[in-house]
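Presented below is the structure to which this report refers.
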Amino acid sequence: MLHYTLKRIAIAVPTILILIVLSFALMHSAPGSPFTGERPLPPEVLANLEAKYGLDRSFPEQVARYVWRIVTDFDFGPSYSHHDRTVNEIIAQGFPVTLTYGSLAFLFSILAGTGLGIAAAVYRKTWLDSLAVGVSVGAQVLPNFIMAPILVLIFTLWLGWLPGGGWQGGQWPYLIMPVIALATSFMASIARITRSSMIETLNSDFILTARSKGLPFRQVVIRHAMKPALLPVISYLGPTFVGLITGSVVIDIYFSTGGIGQHFVNAAINRDYPLIMGVTILIGILTVLFNLLVDILYVWIDPRIRY
Amino acid sequence: MRSTPRTDTEQALLSIRDLSVTFDTPGGPIRAVDGVSLDVHPGEVLAVVGESGSGKSQTALAVTGLLAANGAAEGSIQWHRSEILGLPEHRLARLRADEIAMVFQNPMTSLNPYLRVSVQMMEGMMLNGRMTRPEARAASIEMLESVQIADAASRIDRYPHEFSGGMLQRIMIAMSLLRRPRLLIADEPTTALDVTVQMQIVRLLGEVRRKSGTAIMLITHDLGLVASISDRIAIMYSGRIMEIGHTEEVFSRPRHPYTRALLEAVPRLDRDEAELQGIAGEPPDPEVRIPGCPFHTRCAHRLSQCADIRPPMDGADGHFHACHLSLAP
Amino acid sequence: MLTIRIGQDSLPEAGPGRSLWQDARGRVARNPVAMTSLAALVLVGAFAILGPSFSGWSTEDINWNVLGNVESAGRPSLDSGHYFGTDQLGRDLFVRTAHGVRISLMVGIVGALIAIVVGTLYGTIAGYFGGRTDSIMMRTVDVLMSIPYMFVLIILLVMFGHSIILLFVGIGLVSWLDMARIVRGQTLSIKNREYVESAVVIGVPAPLIIFRHILPNLLGVVIVYATLLIPNMIIFESFISFLGLGIQEPNTSLGVLISEGAAQMRYGVLWQLGFPLVFFIVIQFGFFFLGDGIRDALDPKDRH
């Protein structure tokens, strides 16, 4: 277990380094230099940048300096669409927002999705199953950018119950719609995965054995079927994580929540390369770390996998 | 007639009468068990022999109320003279927990791969606070030792994939005996195992019966296997019982053409290979109901009424068969 | 053990054998949900192609009479000729929706084609050659799978300009990974069939075996997956266009229209969101249920 964990970490670290180098190279090869966009830079920023990154130096040296700065100080340098702010400051302000509604959406997708899927499988061919299948099929064609306007239409414009946007420090009325809009399609996928894997598990031989021992059905489901049925869901957590981060861009734009997604799109529109790179690298690192966590969790749950 | 193959029902542990099992499938209903009647007496080994698809396993599952959701059983199943067919699930669960245990065909898939063996053995005994955890653990270790699992005390905490197939089947048997059941239903317990291990398991089952007096319903397709340990034998074909009787009787004086054909298909050392015969033809399609004898299409002794009239159970002294033609003994 | 399966043998050899495909086509034709979906998709396609010729407006014409008074004068009406109403700039929504559906369907189909070609080739090669080649190729897929592609694509769009071609290719190129995995698994199982082994034994060169024996047998899986890919590509494109980073004026797509409709709905012009949304949902459901029907038809043992 420890050995496996260390081995996975040993793979994760170079992956992150390669990620940083690649994004730097990508930006470097962008039309113009990485630090000159379509807009002329304010001279003081340009001077600052050139001094800081030594643009006159060779490419490998530039990469090395950039990577070194991130590794030692986690410093992504100054933004140049926001003259007076560094990329770090912008991320520090936007990231907690994304993290708040993102983790709530993550929890909601998993809890509601697995709950719905298990209920549908256990009460197969009853109205509950039909309802769960209906909801998950319906929700699958409602990605976040469709859900968001529909929710606002209903709960803000028609019913007037919830504010149509803003953050206000993350008070709950401002959280509800972003979380639901973001989570719905993932909840649906998780429900479908859980349902089919639970049905398959309940048809397996060892469930028959458990039932032949006279265990109450509830105990059969909870103790014997839950773990194997949820393994595919664990494999799906990685894609869910990536999907939620991607979706947060729409949420930030549509609800003006001010998370990193909003900064990313603005940076993309303004060609603020340091900010784009900062956000991309941060997301890349988080994704790598999250996948590491999921892999370890998987091994921990399935006793048959040994490394 | 056919519903009373034995008269001493009052002594029977398990008494099945006219049991039918039907599965509702997309292609229409399928009758897997068709009017089966048999008794299991305390302490005996009854072998139920048949090809795959003959309905023997579904008969066993119907007894314990473990039929698939699309299956329905009709008829009568009595346990100690009280009806258990149609009991609510919690009553059936209690029956499975306390009196009728089962062992299945494939030990590699019949234990939960995600749970330690100890957990799976102990959970049944700890139901409703019947035993405390240490008691259950001690009983499990003791039972493992009695089925010759060496070093049981430390191995009990391993996962199923860390054992061999033969060991797993012994663990399964040990697990099924923990609650001291009156009846053990073993559904093809050796089929998935190596030939060398098969005999070990059969010997173990014989020992179980001798030591604890547990009755065993041994379901198998292997006639040779049951010869050594069964008291009585029931031959099933296409959902029906073709012949039932004491093992030596059935082996030495088979009355039904199907039984006879089966016995001729068993390889024996005292006969020439050339004499070994298969049975020509295929078992009937289970989706088609046959009014007469299901074996008539393959039977060498077919009579004119075989296709249309169902032969009644006939015989005496505990040896019955369902055939229009009474073969000379 | 719990379910009894009688009379349903395993899936017959998937292949170009006439009877199998005719069989499958027959089963799809008898599936009312799949046929309804197919009919709906055909109607949507016909609308996208023929719709504009039934209207006097073009996608860029601005109805100056409506401008500034869209909420009442721009309503959907048969009299004004704006069957779906107009957008906030007084442009005809019927024509724009038809145009948007056309672009979205094109992105979906082209993107899915690229993903299928790349994924099938990659997966077939990995599965056919196996061993070290396979493990390196599939490990690469695993690594690539954990990258948030939307960000990469957005960066590419920013760096190289918002061209439709780049969008098409980019969407296709980031979606071939699943396809590669599925195709590889199928190839592994086809590879071990007798007819492929005998072809290997008599010395048929690998490319010929792949094209003659493996690829035709992958067709079923590919078709089923394609029906799932197309709506996914449409979601992908709509997502980027919703952010204003995808399809640019004068072109439009469902994502652009939904984005504009969502921005305008506060002003009482719900039709601007409603019509594109209905088409989006019909397309999504259509492909979903059609794909489901085809999968069932090709894999009869999976019914129940």
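Chain identifiers are assigned alphabetically (A, B, ...) following the order of the sequence lines, protein sequences preceding nucleic acid strands; residue numbering begins at 1 within each chain.
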Evaluate whether atom CD of B/Glu142 has more than 12 neighbouring non-hydrogen atoms of other residues, nucleotides or ligands under 6.0 angstrom away. no
Whatever's closer than 4.5 Å to a heavy atom in chain B on A/Lys227 counts as side chain
Examine distances only and state if a side-chain atom of B/Arg96 and a backbone atom of A/Arg211 form a donor-acceptor pair shorter than 3.5 Å. yes
Quick one: pull up OH in B/Tyr114 and OG1 in A/Thr201 and give me the separation to the nearest 0.5 Å. 7.5 Å
Looking at B/Asn112 and A/His224, would you say the former's side chain and the latter's main chain have a donor-acceptor pair under 3.5 Å? yes
Could you check whether atom CZ of B/Arg91 has more than 12 heavy atoms from other residues, nucleotides or ligands sitting under 6.0 Å from it? no
Where the side chain of A/Lys213 meets the backbone of B/Gln120, is there a donor-acceptor pair that is under 3.5 Å apart? yes
Where on B/Leu111 is there a heavy atom nearer than 4.5 Å to chain A: the side chain, the backbone, both, or neither? backbone
Greater than 12 external heavy atoms within 6.0 Å of B/Glu162's CD: yes
When only pairs under 4.5 Å are counted, which of A/Ala225, A/Pro228, A/Pro216 shares the most heavy-atom pairs with chain B? A/Pro228
Assert top hit (heavy-atom pairs under 4.5 Å, partner chain A, pool B/Val119, B/Thr109, B/Val103) equals B/Thr109
In Å, rounded to the nearest 0.5 Å, how long is the span from CG of A/Asp302 to NE2 of B/His161? 8.5 Å
Of all of B/Glu123, B/His90, B/Arg94, B/Met102, which one pairs up most often with chain A through heavy atoms under 4.5 Å apart? B/Glu123
Do other residues, nucleotides or ligands put more than 12 heavy atoms under 6.0 Å from the CZ atom of B/Arg133? no
Quick check on B/Thr64 against chain A: is it the side chain, the backbone, both or neither that has a heavy atom closer than 4.5 Å? neither
side-chain contact (heavy atoms from CB on, under 4.5 Å) between A/Phe206 and B/Leu115, intermediate numbers included: CA-CA 11 Å; A/Phe206 62 82; B/Leu115 294 176; over 6 Å; no
Contact origin within A/Ile301 toward chain B - heavy atom pairs under 4.5 Å: backbone
Can you confirm whether A/Asp205 sits close enough to B/Gln105 that some side-chain heavy atom of one is under 4.5 Å from a side-chain heavy atom of the other? no
Are any non-hydrogen side-chain atoms of B/Phe104 and A/Ser212 less than 4.5 angstrom apart? yes
Can you check whether A/Thr209 reaches B/Met175 side chain to side chain, under 4.5 Å on heavy atoms? yes
